[in-house]
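Throughout, residue positions are numbered sequentially from 1 according to the sequence presented. We count ligands from 1, going down the list as the structure has it; atoms in each ligand are counted the same way. All values derive from a computational prediction rather than experimental measurement.
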Amino acid sequence: MDLAKELDVYLRARFTLIQIVSHEEERAVQDLRTLCEDSGRTLIAWDVADHFRKLAGDGPEPQPAKDPLSALEAIEKIDGECVILLLDFHQCWSGQPVVTRKLRNLAQSLKYTRKSIIIISPSAKIPDELKDDIVVLDLPPPGHEELSEILAHLEKTPGVTVALGDGVRERMVSLALGLSESQARRVFSKAIVTGGVLDETDLEIIAKEKQQIIRESGALEYYTAAETINDVGGLELLKDWLIRRQLAFSEDAQAYGLQAPKGIALIGIPGTGKSLTAKMVASLWHLPLIRMDIGAMFGSLVGESEQNARTALQLAEAVAPCVLWIDEMEKALSTGDGDSGTSMRVFGTLLSWMQDKKKPVFIVATANDITRLPPELLRRGRFDEIFFLDLPNTTERRAIFDVHLRKRGRDPANFDLARLAASAGGYVGAEIEQAVVDAMYLAFSDETSPGREFTDDDICAALEHLVPMSRSQRERIDFLRTWVEDGRAATASLPESDAVADKAPALQITPLPRADGPDQ
Ligand code: ADP
């Protein structure tokens, strides 16, 4: 639903206090003016500089008022039906308990009138006392049509040469989705000014500018994922699941009647390859990867954290189709102001968005510790699948050694992979990689033969020096294994007996239960 329709519903339902959060005041005012003109409502604006003025309709006139409190008193006295728009009012209530109180009183008393107050402000900061009285709405960024108009307008700038072939204009507009009107104008203008011609080469400028703007938004980060499926050792069932959905976002899949997958949750102790998998999904599916730092969303003021979450999710939708990687979800519960209510509200924002999202945003949510997450987050149906990444079994450890030796330009055939895999029981992927790196340092700085090639012995020695995390995480691993046994999560790995040592195992459709149990 766009903002005008949503506002119309709230106004008709007699909501008396509404806040629109947006940096784009002009756009919001324009939307509101159109809504009021179309529906025959009177719209009156007030701000601390220009006081009351009428923007639409010929309804009642308020008495003049210069300060915020007098303005609220004047609104109370208006006789008739109207919508009153208060601009920058968030500056008027800070440190002004009388203004906050009056607004609260009005929220109640206006229910018996045909008047509503709308506040437009760039941030969602609301005094605690007003939280229950205000409905907060977001102004979504401009859509395809609006952006096309902006671009078309700029193309008419005198002296600009436009050489946009078939589909390039379309791609240019799609790239700008998620930006505000002024940001889009800035980005398009920069593309036009650079080189004096607007052509296909400008797509790159626009993409870069957009990445920069998203980065500046704080809670989201654009990732260029280089990790391919060959960089992930083991986790064959998880890979299989992903390969099968490789074309799920294509137009053909849509035409076939397939719904785009919603997302997966990856749970397991640190170092088991959850982040690696998130990056791999994006490159496997050729989709942009956006990482959400849920801990960074926490602001110190009421409403700020949820607003940050909403802004981030809106941006993700604008970039769709994309992979949204929500990293270490449990961090949301350990950061911020220690107020678990705020964390729960941020999770609430996330959950309702997951429920309602219309755009193809595939979520990869990772968590090391699920005991602290709200249970409804991992309830069946929320994600398409919850995968448990267990300690790698022997075959997987072998594959992980293979990956990391190849990554460092070594031929795995020169190493005894069976011995290495056997020595690395209980170690996770990150620790196996660490052992390879440590072995290289060990050999390179060898006193008797500096710079010599590293061997199986060096890797085994490095492993011995590392204390595997699984030792201290035993309880957590056992707890997660019961999730698989209870059918609440799927295992990411093929059971040992089915895996073929030297080549990728055959793909399976249904995740199989772990047949061998822990193999350490
Ligand atoms: P997590 O997100 O589960 O804490 P990561 O994905 O960040 O773990 O793992 C850290 C690094 O360890 C990865 O970047 C990768 O180099 C290595 N690693 C972990 N698991 C695997 C695996 N299954 N195959 C290959 N490398 C792995």
- Should I400 be listed as contacting ligand 1, given a heavy-atom distance under 4.0 Å as the test? yes
- Task: Looking only at protein heavy atoms, identify the closest one to atom 10 (C) of ligand 1 and say how far it is in Å.
- Result: A430 CB, 3.8 Å
- Scan residues 418-431 for pairs that pass salt bridge (Lys or Arg N to Asp or Glu O under 4.0 Å), counting only residues two or more places apart or in two chains. R419-D457
- Message: Starting from atom 16 (O) of ligand 1, what is the nearest protein heavy atom, named by residue and atom, and what distance separates them?
- Response: E433 OE1, 2.6 Å
- Task: Please determine if R382 and E376 form a salt bridge, counting it only when a charged side-chain N lies under 4.0 Å from a carboxylate O.
- Result: no
- Work out whether the distance between some heavy atom of H404 and some atom of ligand 1 is less than 4.0 Å. yes
- Query: Are L238 and T491 side-chain neighbours, meaning at least one heavy-atom pair lies under 4.5 Å?
  - Reply: no
- Do F454 and F415 have ring centroids that are under 6.0 Å from one another? yes
- Message: Determine whether a donor-acceptor pair (N or O, by modelled atom type, separation under 3.5 Å) exists between the side chain of D486 and the backbone of W483.
- Response: no
- Task: Report the nearest protein non-hydrogen atom to atom 3 (O) of ligand 1: residue, atom name, distance rounded to 0.1 Å.
- Result: K274 NZ, 2.7 Å
- Atom CD of Q434 and atom CG of L466: how far apart are they, to the nearest 0.5 Å? 6.0 Å
- Message: Please determine whether salt bridge (Lys or Arg N to Asp or Glu O under 4.0 Å) holds for the pair K274 and E328, giving the CA-CA distance in whole Å, both sets of side-chain angles, and the decisive distance to 0.1 Å.
- Response: CA-CA 10 Å; K274 299 181 296 295; E328 296 189 40; over 6 Å; no
- Item | Atoms in ligand 1 flagged as close to V232, the criterion being non-hydrogen separation under 4.0 Å | 24 (N)
- Task: Give the residue, atom name and distance (to 0.1 Å) of the protein heavy atom nearest atom 2 (O) of ligand 1.
- Result: S275 OG, 2.6 Å
- Message: Closer than 4.0 Å to some heavy atom of P270 - which atoms of ligand 1 meet that?
- Response: 4 (O)
- What protein heavy atom is closest to atom 25 (C) of ligand 1, reported as residue, atom name and distance in Å? D231 O, 3.3 Å
- Those atoms of ligand 1 less than 4.0 Å from some heavy atom in G233: 22 (C), 23 (N), 24 (N), 25 (C)
- Item | Row check, W241 ring normal vs R245 NZ/CZ: under 6.0 Å, within 45° | yes
- Query: Nearest to atom 6 (O) of ligand 1, what protein heavy atom do you find, and at what distance?
  - Reply: L276 N, 2.9 Å
- Message: Donor-acceptor check, side chain of S283 to backbone of E227, threshold 3.5 angstrom: yes or no?
- Response: yes
- Message: Tell me the protein heavy atom at minimum distance from atom 19 (C) of ligand 1, and give that distance in Å.
- Response: G271 O, 3.4 Å
- Item | Polar atom proximity, K407 to ligand 1 (N or O, under 3.5 Å) | no
